[in-house]
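Model, not experiment: these values are computed from the prediction.
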Amino acid sequence: MKSLRGKVAVVTGGANGIGEAVVRTLASYGTTVVIADKDGPRAAAVAEEVTAEGGTASAIETDVREEAQIVALLRETVERYGRLDILDNNAAALELIPDDPDVTGSQAAVWLDTMRVNALGPLLACKHAIPLMISSGGGSIVNMGSVSGVAGEANMLAYGMSKAAIMHLTRAVAAQWGKSGIRCNAVAPGLVLTPNTAAAMPEKTQEIYVRHSLTPYVGRPQDIANVVAFLASDESRYVSGHIVYADGGISSSLPILADTRDLVTAAERTSQ
């Protein structure tokens with residue numbers, strides 16, 4: 001994607017997982033990337049590795065729950081590089097998921113903390129990035145949603161609600177600022193095996209996701225980073241206000257598909 005060369009991007013939550021893959025992918029296309037993450041040392045380490053590989057990256061320790069820190073992040077980005085073209089809102093409070101059960105077990109503190117990171121953080125980033133992007137001639141915002149934001153689950157109430165909010169934020173930004181040159185889209189991943197996810201998730205659970213996906217595998221961070229890069233680039237100039245599902249097809253079929261597939265397979269074997 002040649003159109004990414006020379007652009008300036010801010011990636012929140014860019015120090016690990018999907019965010020890190022986005023950072024490395026954008027940098028590989030010639031984008032200058034600012035890594036915003038609450039884990040400052042890790043963000044700095046990723047920036048050093050990207051630079052050593054020939055890319056351009058820097059790190060700014062940022063807590064997306066704090067509006068003043070977001071303002072400072074974006075201001076420093078423009079002061080350092082002269083413009084802002086891309087914002088990838090990737091930061092999420094994944095560490096709260098073990099304490100995020102069903103409705104009756106939900107805790108107000110966990111719900112509020114989840115919403116502050118997953119929903120308020122992207123809202124504040126959009127709020128302060130849009131004027132800077134307009135002054136640079138426009139830009140692309142990519143928000144990180146989730147299939148958890150479009151379907152009910154047995155747990156993760158706060159997480160799912162926060163991702164549903166992200167999807168509405170995406171459509172609202174696209175509708176309100178599209179005529180000013182701002183495109184806004186979201187990516188809704190299914191299960192993505194980041195190093196942390198793979199270590200914490202039992203193999204049996206991974207098998208369940210594979211069984212109910214339309215692909216014979218679950219996602220990797222690079223799968224999502226590739227979609228983000230496309231949405232950030234001018235190659236997607238006519239795409240705005242949309243949710244791109246990068247979920248192995250798990251959200252596009254009936255829940256009974258896996259069982260139906262097994263019945264068909266069994267019937268075919270019997271008839272042979």
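- Side chain to side chain, S58 and Y81 meet the donor-acceptor criterion of an N or O pair below 3.5 Å.
- A distance of 4.5 Å separates CE of M201 from CG of L191, quoted to the nearest 0.5 Å.
- Taking a cutoff of 4.0 Å between a charged side-chain nitrogen and a carboxylate oxygen, R24 and E20 qualify as a salt bridge.
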Determine, step by step, whether I224 and M144 satisfy the side-chain contact (heavy atoms from CB on, under 4.5 Å) criterion, reporting the C-alpha distance in whole Å, the side-chain angles of both residues, the deciding distance to 0.1 Å, and the verdict.
CA-CA 10 Å; I224 311 305; M144 195 57 62; 3.9 Å; yes
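- In the hydrophobic clustering of this structure, V239 groups with L4; members are Ile, Leu, Val, Met, Phe, Trp, Tyr whose side-chain heavy atoms approach within less than 4.5 Å, directly or through other members.
- Taking CZ of R220 as the start and CG of L193 as the end, the distance is 5.0 Å to the nearest 0.5 Å.
- In this structure, CE on M115 lies 10.5 Å from CG on L123, to the nearest 0.5 angstrom.
- With K7 as the partner, the salt bridge (Lys or Arg N to Asp or Glu O under 4.0 Å) test is satisfied by one option alone out of D88, D85, D234: D234.
- Ion pairing between E66 and R116 holds under the 4.0 Å rule for side-chain N and carboxylate O.
- Not a single donor-acceptor pair under 3.5 Å links the side chain of N89 to the backbone N or O of G121.
- Between V64 and V117 there is a side-chain heavy-atom pair separated by less than 4.5 Å.
- Under the 4.5 Å side-chain heavy-atom criterion for ILVMFWY residues, a single connected hydrophobic cluster contains both L132 and V173.
- Cluster annotation: V11 is connected to L231 through the hydrophobic network of ILVMFWY side chains, with a link wherever side-chain heavy atoms come within less than 4.5 Å.
- With values rounded to the nearest 0.5 angstrom, M167 atom CE is found 7.5 Å from R171 atom CZ.
- Residue T31 comes nearest to A9 through the heavy atom pair CG2-CB, 3.8 Å, listed as atom of the first residue, atom of the second, then distance.
- Between T194 and N16, every side-chain heavy-atom pair lies at or beyond the 4.5 Å cut-off.
- A salt bridge is absent between E153 and K163: the closest approach of a Lys/Arg side-chain nitrogen to an acidic carboxylate oxygen does not fall below 4.0 angstrom.
- Screening L257, I250, D259 for a side chain to side chain contact (heavy atoms under 4.5 Å, CB included) with R211, the sole residue that qualifies is D259.
- Remark: side-chain polar atoms of N185 are paired, donor with acceptor, to backbone N or O of G241 under 3.5 angstrom.
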Step by step, work out the side-chain contact (heavy atoms from CB on, under 4.5 Å) result for T25 and N226.
CA-CA 7 Å; T25 300; N226 292 338; 4.3 Å; yes
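- For F230 against S236, the heavy-atom pair with the smallest separation is O-OG, 2.8 Å.
- Of all heavy-atom pairs between V46 and G14, the closest is CG1-O, 4.4 Å.
- Surrounding CD of E95 are more than 12 heavy atoms belonging to other residues, nucleotides or ligands, all under 6.0 Å away.
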May I have the step-by-step check of side-chain contact (heavy atoms from CB on, under 4.5 Å) for L157 and M161, ending in yes or no?
CA-CA 6 Å; L157 171 70; M161 291 179 71; 3.8 Å; yes
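- Going from atom CZ of R75 over to atom CG of L84 covers 13.5 Å, rounded to the nearest 0.5 Å.
- Checking each of L96, D99, I97, L120 against T114 for a side chain to side chain contact (heavy atoms under 4.5 Å, CB included) leaves exactly one that passes, namely L96.
- Remark: side-chain polar atoms of D113 are not paired, donor with acceptor, to backbone N or O of V110 under 3.5 angstrom.
- Of all heavy-atom pairs spanning A246 and V227, the tightest one is CB-CG2, 4.3 Å.
- When the shell of 6.0 Å around CZ of R5 is examined, it contains 12 or fewer heavy atoms from other residues, nucleotides or ligands.
- Side-chain contact between H212 and S253 is absent, with no heavy-atom pair separated by less than 4.5 Å.
- The backbone N or O of S162 sits nowhere less than 3.5 Å from a side-chain atom of N118 that would complete a donor-acceptor pair.
- You'll find the side chain of T197 stays beyond 4.5 Å of the side chain of V192, heavy atoms only.
- Using a distance-only test at 3.5 Å, with no hydrogens or angles considered, no donor-acceptor pair links the side chain of N143 to the main chain of A186.
- With hydrogens and angles disregarded, a donor-acceptor distance shorter than 3.5 Å links the side chain of T12 to the backbone of N90.
- Here the side chains of I141 and I130 are in contact, with some heavy-atom distance below 4.5 Å.
- Taking OG1 of T215 as the start and CG of D247 as the end, the distance is 8.5 Å to the nearest 0.5 Å.
- When all heavy atoms of A232 and S140 are compared, the pair lying nearest together is CA-OG, 3.5 Å.
- If you run side chain to side chain contact (heavy atoms under 4.5 Å, CB included) between I60 and each of L74, V10, V34, only V34 comes through.
- A119 approaches A165 most closely through the heavy-atom pair CB-CB, 4.2 Å.
- Under a hydrophobic clustering in which Ile, Leu, Val, Met, Phe, Trp and Tyr are joined whenever their side-chain heavy atoms come within less than 4.5 Å, directly or via other members, W111 and Y159 fall into different clusters.
- A 4.5 Å side-chain heavy-atom check between R80 and V8 finds every atom pair outside the cut-off.
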Start with the C-alpha gap between L87 and M133, add the side-chain angles, then the distance that decides, and say whether side-chain contact (heavy atoms from CB on, under 4.5 Å) holds.
CA-CA 9 Å; L87 170 65; M133 287 181 165; 3.7 Å; yes
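- The backbone N or O of R183 lies less than 3.5 Å from no partner atom in the side chain of S240, so there is not a single donor-acceptor pair.
- I18 and Y245 are members of different hydrophobic clusters when ILVMFWY side chains are connected at heavy-atom separations under 4.5 Å.
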